[in-house]
Amino acid sequence: MKRAITIAVLAICAMLPPAAMASESFTLTIPQRFDPSQETGEVRILLSLSAAPAGSQLVIDNATTINLGATQTVAGDSISFESAPSNRVLIRYRPLSNFSGDFCSGAGAVEKNVVLRFSGAQDVVDYRISSYVVGAPAAECSQVSRRIADLPGIVTPGADAVAPALDATYMGRLPLDVMLVLDKSGSIAELPPGVSPASMTTKAMILKSAASAFVANWMMIDAPTGGLNWDEDRMGIVFFDNVATPKTVAGADPPANFFLKRGVGWSPLLTVIDGLAPGGSTSIGAGINSAMQQWKADPAHDAMAIVVTDGMQNTAPLIAATPSGFLGLTPVSGLDAELRKRFIPIQTIGFGTPDVVDENLLRNISFETAGRSYLAIDANTMYDTFAQTLVSILKGNTASIATRSSKSETAVLVDKSARRVVFSLQWAPPSVNAYDLEVLRPNALKVATPTNIQNLPQAEIQSFDLEKPSEGTWTARVRRNPRLRAAGPFTLNVFFLERHLDYRLSVEPRRLRAEISYDGKPLTGLPAGAVRVRVMRPKATLESVLRRTKGQPRRPTPGDPQSKQQLALTALTAADIALIRPAPAELVTLRE
């Protein structure tokens with residue numbers, strides 16, 4: 001009897017159709033960027049599947065099949081197809097045939113149009129894509145490490161001879177891992193230049209306020225919208241003085257509990273930042289190494305570090321030139337001694353005047369690692385530099401700055417390229433709730449209701465999602481809290497979450513060049529006056545301001561040692577600082 005049942009079951013199974021294989025086709029386009037050292041060196045496409053990816057394949061141009069976990073060379077290009085966490089696969093396409101020798105040698109690059117077909121028992125649910133170029137061509141050309149938005153790789157769903165077009169939701173860029181590396185040396189307890197001793201506004205207070213606003217701004221800019229979400233972005237914090245201390249955060253990823261996902265909620269990071277307290281001397285190298293060690297132990301996504309310091313390194317491990325001439329640091333966790341060969345962009349912010357911070361060191365750290373370097377002198381410039389740093393790490397991903405202002409009323413031109421507008425009003429501590437922000441849509445008399453709002457002790461941030469046409473001139477009004485007898489200066493940064501438009505701005509001898517793309521393709525046929533560039537420059541040099549300064553230097557609180565010249569810088573007044581702070585100088589109209 002048992003034998004008869006077995007035979008019957010086998011007969012039924014034989015009658016069933018085989019498991020269906022799903023296939024979806026799309027074209028990857030990698031356009032020319034027309035800069036030999038900045039041609040696209042890699043495109044990564046992350047596909048989310050309806051089930052585990054086992055048994056799936058990738059077919060190239062209807063001819064070459066790549067199994068899961070394999071890498072092949074096709075027409076001189078390298079293509080890998082690998083498993084990724086949470087039922088995903090990652091495609092890495094490196095157009096090596098566009099280069100000769102290294103990724104800075106792209107003079108012979110041509111546009112690539114490659115037909116790709118996912119084949120497997122799974123459905124593709126959604127996808128993300130990011131493109132990469134050499135970040136510091138004067139320092140390192142063997143790998144690409146900087147994400148781009150202008151002229152990136154593009155996925156276009158389309159049927160091929162075998163499969164229908166890709167039917168999946170586009171989710172934007174790939175996630176990011178960002179490490180905030182914050183100085184807590186003794187000198188952070190001092191007052192910055194131009195601050196009245198009566199205000200007792202220390203650099204530590206300003207740093208905590210600015211870093212908290214950075215976290216809040218990013219939460220608002222990249223909140224989910226229109227099917228896009230970046231819940232897997234992660235952030236972690238390292239404090240450093242003579243030693244580095246990576247901070248554990250409630251809800252962060254185990255086992256180190258260092259990186260906290262956006263989707264879990266970044267509010268605990270604000271509590272960590274508020275706990276920063278001045279300590280001993282300064283080891284910038286320890287801070288960088290500690291952050292990179294944390295990431296190396298859990299490298300979920302592309303890593304970026306943001307280093308903020310108000311002084312000069314004076315405690316090992318020191319960042320110094322290696323035999324190659326490039327900057328290096330004691331190797332940790334298998335990372336190379338040379339910072340440029342770690343392929344982790346480092347953004348740097350020097351908090352102070354050029355002679356107080358080692359601006360040359362910070363600039364070179366960023367220059368060699370595909371980062372950006374900024375100098376912040378007071379509260380307003382610290383807020384501005386954090387805003388620029390946020391855009392720097394997200395450019396090639398999502399964000400841009402529409403305008404910066406310190407006026408009580410500011411006009412903001414919004415066009416169809418913006419998906420979301422974020423107004424971020426910030427002011428110096430210790431004032432709390434010193435200002436209110438009112439935003440008016442084009443041609444409106446009533447104050448607009450924001451999609452989202454966040455209030456911090458020294459910031460009010462409002463975001464507006466633009467689901468319907470909202471182009472035109474918006475108005476932002478800043479009102480001082482009437483209950484406060486006095487309030488210091490404020491700064492307003494307006495961010496755009498981009499929809500389709502992006503640009504690359506370069507400065508050439510006697511010329512500014514803007515390369516503009518829409519949906520990743522060059523934007524041409526623009527009318528006269530369509531592109532304008534606002535040039536910012538200080539009204540005076542630091543040298544000329546110091547020459548005529550007659551104030552008396554203050555003695556610093558215990559902390560990092562300072563020279564007589566550095567002490568003299570503490571005599572700068574608020575008016576002096578205003579002269580050396582970049583200000584709108586001219587508006588340049590470009591032509592095609």
Least distance between heavy atoms, [X] atom then [Y] atom:
X	Y	result
Val133	Glu39	CG1-O, 3.8 Å
Ala63	Val59	N-CG1, 4.1 Å
Asp160	Asn62	OD2-OD1, 3.0 Å
Gly236	Phe259	N-CD2, 3.9 Å
Ala216	Ile461	CB-CD1, 3.5 Å
Phe26	Pro157	CB-CA, 3.9 Å

Going by atom types alone, do [X] and [Y] pair a side-chain donor with an acceptor below 3.5 Å?
X	Y	result
Thr271	Asp274	no
Ser424	Asn493	no
Ser97	Lys112	yes
Asp126	Ser48	yes
Gln57	Asn67	yes
Asn113	Thr27	no
Ser392	Gln347	yes
Thr348	Ser373	yes
Arg33	Thr40	no

Rounded distance [0.5 Å steps], [atom1] in [X] versus [atom2] in [Y]:
X	Y	atom1	atom2	value
Thr65	Ile60	OG1	CD1	8.5 Å
Leu394	Leu176	CG	CG	6.5 Å
Leu339	Ile344	CG	CD1	9.5 Å
Glu438	Gln462	CD	CD	9.0 Å
Leu96	Ser78	CG	OG	5.5 Å
Leu260	Leu269	CG	CG	5.0 Å

- Task: Hey, could you give me each pair passing salt bridge (charged side-chain N to carboxylate O under 4.0 Å, His left out) that has a residue in residues 40-58? Not counting sequence neighbours.
- Result: Glu42-Arg44, Glu42-Arg92, Glu42-Arg94, Arg44-Asp302
State, with a plain yes or no, whether a side-chain heavy atom of [X] is found less than 4.5 Å away from one of [Y].
X	Y	answer
Met219	Gln454	yes
Ser83	Leu68	yes
Ile349	Met382	yes
Leu425	Val478	yes
Val447	Val439	no
Leu497	Val422	no
Phe81	Ser56	yes
Trp218	Trp266	yes

Salt bridge or not for [X] and [Y], using N-O below 4.0 Å?
X	Y	value
Arg262	Asp231	no
Lys261	Asp233	no
Arg173	Asp222	yes

- Query: After noting the C-alpha distance and the side-chain angles of Ser37 and Asp35, does the key distance pass the side-chain hydrogen bond (donor to acceptor under 3.5 Å, both in side chains) rule?
  - Reply: CA-CA 6 Å; Ser37 68; Asp35 182 340; 3.2 Å; yes
- Query: Can you check side-chain contact (heavy atoms from CB on, under 4.5 Å) on Tyr93 and Ile30, steps first, answer last?
  - Reply: CA-CA 10 Å; Tyr93 193 100; Ile30 305 176; 3.8 Å; yes
May I ask you to decide if [Y]'s main-chain N or O and [X]'s side chain share a donor-acceptor pair within less than 3.5 Å?
X	Y	result
Arg342	Met292	no
Asn452	Met220	no
Gln388	Tyr374	no
Ser130	Leu174	yes
Ser470	Leu466	no
Glu24	Val124	yes
Ser80	Thr71	no
Ser131	Gly153	yes
Glu592	Leu526	yes
Arg146	Tyr132	no

- Give every residue pair that meets the ring-ring contact (aromatic ring centres under 6.0 Å, His included) criterion with at least one member in residues 145-172, sequence neighbours excluded. Tyr127-Tyr170
- Steps toward side-chain hydrogen bond (donor to acceptor under 3.5 Å, both in side chains) verdict (Asp384, Thr491): CA-CA 8 Å; Asp384 286 344; Thr491 182; 3.0 Å; yes
- Task: Among Val308, Val215, Asn217, find the one that has a side-chain contact (heavy atoms from CB on, under 4.5 Å) with Phe386.
- Result: Val308
- Option passing side-chain contact (heavy atoms from CB on, under 4.5 Å) with Ile91 (candidates Val155, Leu46, Ile45): Ile45
- Message: Would you call the rings of Phe464 and Trp474 parallel, tilted or perpendicular, taking 30° and 60° as the class edges?
- Response: perpendicular
- Message: Using the rule given for side-chain contact (heavy atoms from CB on, under 4.5 Å), can you reason through Ile346 versus Val307, listing the C-alpha separation, both sets of side-chain angles and the distance that settles it, and then say yes or no?
- Response: CA-CA 7 Å; Ile346 303 174; Val307 178; 3.8 Å; yes
- Arg340/Glu368 under salt bridge (charged side-chain N to carboxylate O under 4.0 Å, His left out): CA gap, chis, key distance, verdict: CA-CA 5 Å; Arg340 64 182 180 132; Glu368 293 181 15; 5.9 Å; no
- Message: Could you go through Arg234 and Asp298, starting from their C-alpha distance and side-chain angles, then the distance that decides it, and tell me whether this counts as side-chain contact (heavy atoms from CB on, under 4.5 Å)?
- Response: CA-CA 11 Å; Arg234 304 191 306 171; Asp298 182 20; 2.6 Å; yes
- Begin from the C-alpha positions of Val249 and Asn257 and carry the test side-chain contact (heavy atoms from CB on, under 4.5 Å) through to its verdict. CA-CA 6 Å; Val249 188; Asn257 299 323; over 6 Å; no
